[in-house]
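In what follows, a single structure is set out as structure tokens and then discussed.
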Amino acid sequence: MGVDIRFSRPFRIGRVRIMGKFDVYNLTNAAAVARMNTTYGASWLLPAEVMGGRLFKFGAQLDF
């Protein structure tokens with residue numbers, strides 16, 4: 001199970017409002033299995049897909 005978190009802060013410059021954002025996805029850097037092979041054979045119950053690594057994202061919203 002991954003943990004996502006967001007920090008945001010509004011700034012005002014004159015009549016313009018800017019909302020700064022900082023997001024962190026998969027904060028714990030967990031590698032949980034998202035999909036598993038359930039077809040009987042040599043690769044039975046092996047992971048087919050795992051969660052991606054930690055991701056950082058910066059952003060801003062401008063209102064005027």
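On a predicted model such as this, the values are computed, not experimentally measured, just so you know. Heads up: numbering here begins at 1 and tracks the sequence.
Note: Leu55 CG to Asp4 CG = 9.0 Å, rounded to the nearest 0.5 Å. Atoms CG and OG1, on Leu46 and Thr38 in that order, are 11.5 Å from each other to the nearest 0.5 Å.
Side-chain contact between Lys57 and Tyr25: present, with at least one pair of heavy atoms (C-beta onward) separated by less than 4.5 Å. No side-chain heavy atom of Pro47 sits under 4.5 Å from any side-chain heavy atom of Met36.
Taking all atoms of both residues into account, the shortest heavy-atom contact from Ala60 to Ile18 is CB-CG2, 4.5 Å. In terms of heavy atoms, Thr39 sits closest to Trp44 at O-CD1, 3.6 Å. Of all non-hydrogen atoms in Thr28 and Arg54, the two that sit nearest each other are C-NH2, 4.1 Å.
Note: Phe58 and Phe22 have tilted aromatic rings, judged against thresholds of 30 and 60 degrees for the angle between ring planes.
Under the 3.5 Å distance criterion, the side-chain polar atoms of Asn26 are left unmatched by any main-chain donor or acceptor of Met51. The backbone N or O of Arg17 sits nowhere less than 3.5 Å from a side-chain atom of Asp63 that would complete a donor-acceptor pair. No donor-acceptor pair under 3.5 Å is formed between the side chain of Asn37 and the backbone N or O of Leu45.
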Legend entry - Evaluation steps, side-chain contact (heavy atoms from CB on, under 4.5 Å), between Arg6 and Lys21: CA-CA 7 Å; Arg6 169 180 277 182; Lys21 301 175 185 178; 4.3 Å; yes
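Under the 4.5 Å side-chain heavy-atom criterion for ILVMFWY residues, a single connected hydrophobic cluster contains both Val3 and Phe7. Under a hydrophobic clustering in which Ile, Leu, Val, Met, Phe, Trp and Tyr are joined whenever their side-chain heavy atoms come within less than 4.5 Å, directly or via other members, Ile13 and Leu62 fall into the same cluster.
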